[in-house]
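Scroll down for the structure; my scribbles are underneath it.
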Protein chains: 2
Amino acid sequence: MAAMFELCLIGIGTGNPDHLTRQGEQAIRDAELILIPRKGDNKADLADLRERIIGDVTCGDGPRIAHFDMPQRRADDGYLQGVDLWHDAIARAWLAAIAGVSPAPDKVALLIWGDPSLYDSSLRIMTRLTPRPRVRVIPGITALQALTAAHAIPINDIGAPFTVTTGRRLRDEGWPPNTSTLAIMLDADCSFQTLQADEFHIWWGAYLGMAEELLISGPLDQVRDRIRTLRAQARRDHGWIMDIYVLKKRASDGAQP
Amino acid sequence: MAAMFELCLIGIGTGNPDHLTRQGEQAIRDAELILIPRKGDNKADLADLRERIIGDVTCGDGPRIAHFDMPQRRADDGYLQGVDLWHDAIARAWLAAIAGVSPAPDKVALLIWGDPSLYDSSLRIMTRLTPRPRVRVIPGITALQALTAAHAIPINDIGAPFTVTTGRRLRDEGWPPNTSTLAIMLDADCSFQTLQADEFHIWWGAYLGMAEELLISGPLDQVRDRIRTLRAQARRDHGWIMDIYVLKKRASDGAQP
């Protein structure tokens, strides 16, 4: 392996191959090696999707592909320590996959679901590599953008702020003060159930941008149970689910925001 | 004009034609008419950029283009009322531009800087049209994503929230409580100057994705004056500027976040 290779993190959007940008297409064509994780569960279609995107863009004359087994995060190490050990393990898996390729590639790429800046750890894992590779980031369409596009809503009120957070935070800390709009990612537990339902409006989506896309929106008290039921059913049917939602406080007169 | 036409809002990214997604390219090709604003100031290069993108994608065999003069927002109406009147005026300008085209187009598109969901009012303006067109939204790369990609940073800390807000809010309301990461958009006044500079780290960028791109990052107390000076100079040179920044609270030991 070259002393210092380039690692390119390419945002590929949320499952719709047409989310790919021209910049992303070119970066895939320029790569000598693309690393693809195998998750060892029913998310196999995501690995397939990555290979389909590569095939589409390169017309068969593509870069080499190296698969690596995505290490499992251990739940018994505590949250932040668990993440730390997990990132170390992923860094080792990347290096092992790269070391298996000859000649040593100078341009290595990873296809990142959504955008490399948003709730993705590749930029942090990259800092564990020695020597540190040159890094290049190609932005991609996030699940949040796919959600607001599908519902045709702006994320912010006029001139107003919004906060992006996780299901864990909403569950543990409740609705943050002085906030009218919240986008929730990484929520496996329908944490919106912990809220006072008659105070909020929700825009929910799963499998965004994919053929399986599911969308529900409405006053939280009217659609909460329908989302929970549909989500559980879809998860059983597909073996996995990725979803996201936006919540807005309703005006005190109950009008839709 | 057909009783109900389709209005497609196409996110085109932040000035790099390669931010365009495949979905965006196809939507441009599918449009019968594209509306392009003329701002009547030195931002002419933005209108030019839109036409260049259309030309690129359609290889000359493109949709019709109708220009409209972007109404000016009156400062003396108060902020929210001024925005309201301004949106009405823009809606009238769209309709007048569409009415000038024969035969009446069924598919009309607007090229939206960044993403139609983020600090863009086209989705709100659209609701003022009678009859209401069918709406379609194509997500695009935002300035925030172009910024984090250029600096190769994640926007969120691990499992942590972040807030997106405006320069006006930061200036008027100060740093929001319980917040470690803030992204600031629409700031013409370097509102970061109102903060206690030794408590923050800043990642700043202007003309993101364009050849003129400017980037500065560092502890706020060390780079604040440099950003202010460079920003003022660039604004004079180009006649306009668009910039954005991310601020993070520094750890109490002064370490870089």
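Quick note on labels: first sequence line is chain A, next is B, and so on, each numbered from 1.
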At a 4.5 Å cut-off on heavy atoms, which part of [X] comes close to chain B: side chain, backbone, both, or neither?
X	answer
A:Leu186	neither
A:Val135	side chain
A:Arg136	neither
A:Val57	both
A:Ser122	neither
A:Arg169	side chain

Chain B contacts, top residue of [options] (heavy-atom pairs, under 4.5 Å):
options	result
A:Arg124, A:Arg168, A:Met126	A:Arg124
A:Glu25, A:Met185, A:Gln23, A:Gln26	A:Gln23
A:Leu9, A:Leu20, A:Asn16	A:Leu20
A:Ala149, A:Gly209, A:Pro17	A:Ala149
A:Thr142, A:Thr148, A:Leu182, A:Val137	A:Val137
A:Gly140, A:Gly11, A:Pro177, A:Ala183	A:Gly140

- Message: Within this structure, what is the CD1-OG1 distance for the pair A:Ile12 and B:Thr21, rounded to the nearest 0.5 Å?
- Response: 13.5 Å

- Roughly how far, to the nearest 0.5 Å, is CG of B:Asn156 from CG of A:Asp120?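 If we round to the nearest 0.5 Å, A:Asp120:CG and B:Asn156:CG are 9.0 Å apart.
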
For the candidates [options], which exhibits the highest count of non-hydrogen atom pairs separated by less than 4.5 Å from chain A?
options	value
B:Ile138, B:Thr181, B:Asn178, B:Asp56	B:Asp56
B:Ala160, B:Pro116, B:Pro176	B:Ala160
B:Ile153, B:Val164, B:Leu144	B:Val164
B:Thr179, B:Thr166, B:Ile155	B:Ile155
B:Arg22, B:Glu173, B:His19	B:Arg22

- Item | Working for side chain to side chain contact (heavy atoms under 4.5 Å, CB included), residues B:His87 and A:Ile158 | CA-CA 11 Å; B:His87 287 177; A:Ile158 296 175; 4.2 Å; yes

- What's the shortest heavy-atom distance between A:Phe162 and B:Leu118, and which atoms?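 Distance-wise, the nearest heavy atoms are CE2-CD1, 3.5 Å.
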
